[in-house]
Amino acid sequence: MNWATPWAPTSVELSRCVECGLCLPHCPTFRLTGDETASPRGRLNAMKAAADGLFPVDGVFAEIMSMCLQCRACEAACPSMVPFGRVMEGARAEIVAADPKGRFRRLVAGRWLAWRPLVRAGTLGAALLQRVGAQHWLPGRLRRGMAGIRRLPWRRASTIGRTYEPTGDEIGVAGLLAGCVMDPWFAAVHEASIDLLRRCGYRVVVPGNQTCCGALAAHEGAADDARRLAARNVDAFADFDVVVADAAGCSAHLKGYAHWAGEDGARLAARSRDITEIVAAAIDDGHLPRLDPTGVPVAVQDPCHLRHVQRLHHPPRLILEAAGYRPVEIDPDGLCCGAAGLYSLLHPETAHELGIRKAHQVGESGALIVASANPGCEMQLRAHLGPEFRIAHPVELYAEALAAMPSSPKEDV
Amino acid sequence: MIGVAGSAQIGRRVGPSAPSDLIGELEEILGRENVRHDPLQRRLFVKDAGMRSGSAPEVVTFPATREEAVAVVAAAHRRGLPLITRGTGTGLAGGAVPDGGVIVVTTRLNRIGEIDPDAGTVWVEPGVLNLDLSRRTSRWGLHFAPDPASQAACTIGGNVAVNAGGPHGLAEGSTADHVLAVEMIDRGGTVTLLGGAAPDPAGLDLRAVIVGSEGTLGLITRILVRLTRDPPTVRTLLMGFAGVDAAAAAVSEMIASGLIPAALELMDRRLVEIVERFAGAGYPTDAGAVLLAEVTGHRATVEAQAAMVADVARGHGASPVRIAADEKERDLLWKGRRSALAALVQIAPNYYIHDIVVPRNRLPGVVSELYQIADRHRLEMVVFGHAGDGNLHPTFAFDSSDPAQVRRVEAAGAEIVGVSVDNSGVLSGEHGIGIEKRRFMPLFFDPVDLDAQQRVRDAFDPDHLFNPDKVLPAESGYVSPEPISLVPEVRSLLAPFTTDPPEGAPAGEFVVAPRSLEDVATILRAATAAGLVVLPWGGGSHQGYGGGVAPDIVVVTRLLDRVVEWRPEDLVVVVEAGVRIVDLEDRLLGERGQTAVLPERPGVATVGGCVAAGASGWRRLRFGPTRNRVIEATLCTGDGRVVRNGARVVKNATGYDLARLAAGSLGSLGVIGRVALRLWPRPEAAATVVVADPEAALQTVHRPWAVVESDGEARVFLGGTRAEVEAQAEALGGDTSEGHRWPEAVTNRVRFLLRVPPADTRRAVERVPASATYRAAFGVGEIAIGFDAVEGIDLDGLRAWAEGRDGELVVTAGADALGRHFDPWGAPPPSLGLQRRVKAAFDPAGVMVPGRLPGGL
């Protein structure tokens, strides 16, 4: 064994791969390059080679691993059920241990994003840039990121630390994960989520002692940070009937907390839900209404961590239908849009090319509204689509439609 | 010794990378990012989805254009480095496993050409993913029929390499039946086109050898594929049986009763459990075996056939029998089947899959033998596969870290292959031989058969630049017999076979009628020794093709007239060359209601003559050309070897397809002594409908048997269940009569075949001179034309027009009336040099009908 950390891929995990290659067409980077070294099977084989001590965890190894978007589409396609997301996070942790260079992204993912004052300061800076139109001063890879951010308000009341009462009889208490950038940058999504959870009968608590879910830290190989963040959230969310995230990347990560926070993590994971799951179930049960169809098309963009990791394919479509929209499919394979957390900073060309592909698919669909249940995807789409497109979270679209109903929608609940 | 997937195998050393000058040259050609030479990166290419790993390639290349690929081949050739072509690496036989050398990855050669929905054909590059192609063509209601379980991941180039099948191969055939042409780079870096868009391009069908040659003959850069129309109705049935034997017996009975579903898939209990856990496909986990059947086609027939399949299944105790309610359920049922192999890791970390094909009526017995083998070797085995084809995948799940288990898997594997061969089966039906089954080749082929394939390989690639040490064993073990050296003895050697010349045959010095294939071989050995020109003669119907031959020896096949074997319940017949088509078809139809789908108006033509001429009947629109139904051929080569190729099963990826090569070779390689043909059941009902517009008719009805315009009158020939035939006839709305009223054959003194891409049939008919008799096969692109006199007819103009549309105008009778300047074939094929070398591999002395093939070959 050639590994240095407890996070390393295990031989049991790696030996599940029988090298059938069925993952290949589902891998966005393989699709772009046609290169085995940029495929899930190639990455697993490289991990096996390193695990056996045949190759060092060096720059070449790091390059092979860093091309991975961690979209985990391969995982959903894998009949041998290789836990690819897990082993890739392990391999990244090994790269971090072997080479302390490349600290910047790890700092961003593991520390800075979890540090609220810093995020607030950054948000203010971004709002300023949006107003003076000075984005062109930024380096290219950041400029594209900036182009994807929603119009930011100067000041805004945070939901963190607040509690919201249900609109009807209380059925339980929901803890809402505020997230790192969701709270300052996507406040409207939180508001819609809270609104819908209340209509479902939840008392919604946004605990003040919570922190970033740690997904980005885990993806970047900052395993110790990911563990630290998970431990804090396990405490913060210990008392709720259900823990809700309205960013698919966060809900997916919460569901994998067993790995990061042991048995306590497993208990939290078991209670974690993506907001689309809860809202879709409530619509299915008749707790939330189905509005009359308007026929307005909405392109459905499946965030990878919703579709591939959580295998939630139907809920966003159901929610859009209930909001009166006509969901339009844009991609049978649900290939990653290229956002992939901080990936676009490291591999701007690959991320950009995938973004263009996705934008093209949206353009072909004829829809001018795109529904995406993850902030990273939303930003990527906005950066690659023209201003005539609206990109929003499905629950946002649904909450808006409810609010716009002539009769008081609350009576319907 | 089996090498195995997983970490146990990784300890192999990575050899040095290619010399820096080669890397520099490749980077110059392809760009730095498309050349991989770092040791770790090279190591990721040591194996495909099969069991064995090789040693790392010296360099891995990713050409994106034909020109780049040519340059890579040339660079490797100059340095004598082997070239291994790789697609997405989903092959199961180790065909893309390197032993050093240069890997050419085709994934960037992935353009799909312009789709011509009328023609139903498209040029694709080899790196196009199988499913991507069908997705692209779906908007025109077309798809690429071969659908291996890995279809989402595998490339068309890989499909061509191994002649891939898939569940729907049962009704639609394997890849070979869907490839019209390939463009290939040979070892010298020359790009050659083999085949074409028009039916049966003149000359040797080298395309037939390329398909299934596993990258050993050249590097394919483009493929012209035939697309298949989506069926209007699909029904998928799920049937649970008490055991695999009951399911196999049901399959056997379905085939024997003439039911040919689009797919018929078998899975045993253990596999069903595992698959269900991954896919949640809704399979009954308490059943001993599951059959998945799909029937497709016209709604009326589909409903009737689904009911018949269900009835047969219930007769064998099936329960439950369920029809998928909607597209979603159907997808789920298939998802389970497609994930079968990889889901096996739930039992054990490694698997070893076999790919045997046995005659369908032998399935029940073979399946129980397979389980006995697994029991004897104390191994975990699952059985699944394309039961309707007789194609089984007995697969061992084992742990490679246990050397004793590995040894048992090895031993049991050899026994499984042995069981297949003992039951007239093959080594591989759709995965190919690669390195995995190479050592078993001598079980299936005699040394002389292997030697013949080796010679073909040498004709293409004498120094084995392409994918060396694959498919064929290093030594065939063939020992040439002593050559006959005493020329004066020829006369006495031939004397016992001497016979009267048949009517119409040219006068040769010798006219002989051998009684056996060994007799034929003796005669040909003598001819080769003495340099005497040989003309094989069946009924004489196709002797007008090509250049005239002045023979020294006429070999009459009249006495080779036995029906060697007929397995009606397996829909296969084996006949000698001299059997007359009318006699065969009468017997098949009369006794069991079957047909070999040979030409409908054969006259005195023999089966051997028809196959040698590559002649097909009008029903090829529905059943494909004759050559696609020749599943085995025994050829007495020009120098007197008796070479068998193919097998009496309906699916085969075992070695080069020389049987298909022999079809249409016009006697230039040797005398076809014996062939096995695939049969089809007679339909419940048949009708002939007169229509005004044959092209419109092709769109109106789903897969008619034939659409023929005969001197201005077009008829559509329908077959199927009574309900389907009636419904289709009504949709056509023309004058309908029961049965098939085939037009008379064209019998004028001077005859031609005008062959054009199918979509050009109407335009071609418009150009047929008014004085001619003609029969135009719509949807096929073949027009038989006859003249009593050709004076004043602009044949050169007609030929130029046809050749301008990738077609041809070939003479089939009466060449003497045309004058010497009119070549019987027209422009020689671009692959003439290759054709010459391939002919020489069979007929080194050039005694077989010299000058008959295009280009004076």
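Any value given below was found using the heavy atoms of this structure, including those in side chains, with hydrogens, waters and symmetry copies removed.
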| At a heavy-atom separation under 4.5 Å, does B:Leu129 approach chain A through its side chain, its backbone, both, or neither? |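 Only the side chain of B:Leu129 comes within 4.5 Å of chain A.
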| Side chain, backbone, both or neither of B:Arg86 within contact of chain A (heavy atoms, under 4.5 Å) |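 For B:Arg86, the contact with chain A is made by the side chain alone.
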| field | Among A:Cys23, A:Pro332, A:Ser80, residue most engaged with chain B (heavy-atom pairs, under 4.5 Å) | value |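 The answer is A:Ser80.
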| Would you say A:His360 has more than 12 foreign heavy atoms packed within less than 6.0 Å of its NE2? |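 Atom NE2 in A:His360 is not packed in, count stays at 12 or less.
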| task | Look at atom CZ of A:Arg311 and say whether more than 12 heavy atoms of other residues, nucleotides or ligands are closer to it than 6.0 Å. | result | yes
| said: Counting C-beta onward and ignoring hydrogens, is there a side-chain heavy-atom pair between A:Ile64 and B:Leu44 closer than 4.5 Å? | reply: yes
| query | Are any of the side-chain heavy atoms of A:Arg16 and B:Pro349 separated by less than 4.5 Å? | reply |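 The answer is no, as the side chains (C-beta and beyond) never meet within the 4.5 Å cut-off.
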Give me the atom names and distance for the closest heavy-atom approach of [X] to [Y].
X: A:Thr37; Y: B:Arg36; result: OG1-NE, 3.5 Å
X: B:Tyr351; Y: A:Cys20; result: OH-CB, 4.1 Å
X: A:Ala77; Y: B:Phe278; result: O-CZ, 4.5 Å

| task | Answer yes when B:Arg108 and A:Asp35 have at least one side-chain N-carboxylate O distance shorter than 4.0 Å, and no when they do not. | result |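 Salt bridge between B:Arg108 and A:Asp35, a charged N being under 4.0 Å from a carboxylate O: no.
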| SB check A:Arg31 B:Asp132 (cutoff 4.0 Å) |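 Looking at B:Asp132 together with A:Arg31, the answer is yes, because their closest N to O distance falls below 4.0 Å.
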Less than 4.5 Å to any heavy atom of chain B: does that hold for the side chain of [X], its backbone, both, or neither?
X: A:Leu22; value: both
X: A:Phe61; value: both
X: A:Cys78; value: backbone
X: A:Ser39; value: neither

| request: For each of B:Ala343, B:Cys154, B:Ala279, tally heavy-atom pairs with chain A at distances under 4.5 Å, and name the one with the top tally. | output: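 When all of B:Ala343, B:Cys154, B:Ala279 are compared, B:Ala343 has the most.
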| note | With chain A, the option among B:Val46, B:Thr107, B:Leu40 that has the most non-hydrogen atom pairs under 4.5 Å is B:Leu40
| query | Can you list the steps and then say if B:Thr90 with A:Glu19 is a side-chain contact (heavy atoms from CB on, under 4.5 Å)? | reply | CA-CA 8 Å; B:Thr90 57; A:Glu19 302 176 55; over 6 Å; no
| Counting only N and O atoms by type, is there a donor-acceptor contact under 3.5 Å from the side chain of B:Arg43 to the main-chain atoms of A:Leu54? |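 No, the answer is negative, given that no donor and acceptor are paired below the 3.5 Å cut-off.
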| side-chain contact (heavy atoms from CB on, under 4.5 Å) between B:Gln41 and A:Val60, worked out | CA-CA 8 Å; B:Gln41 292 175 336; A:Val60 177; 4.3 Å; yes
| said: Return the CG to OG distance between A:Asn45 and B:Ser53, rounded to the nearest 0.5 Å. | reply: 9.0 Å
| side-chain contact (heavy atoms from CB on, under 4.5 Å) evaluation trace for A:Phe30 with B:Thr88 | CA-CA 10 Å; A:Phe30 180 78; B:Thr88 45; 3.7 Å; yes
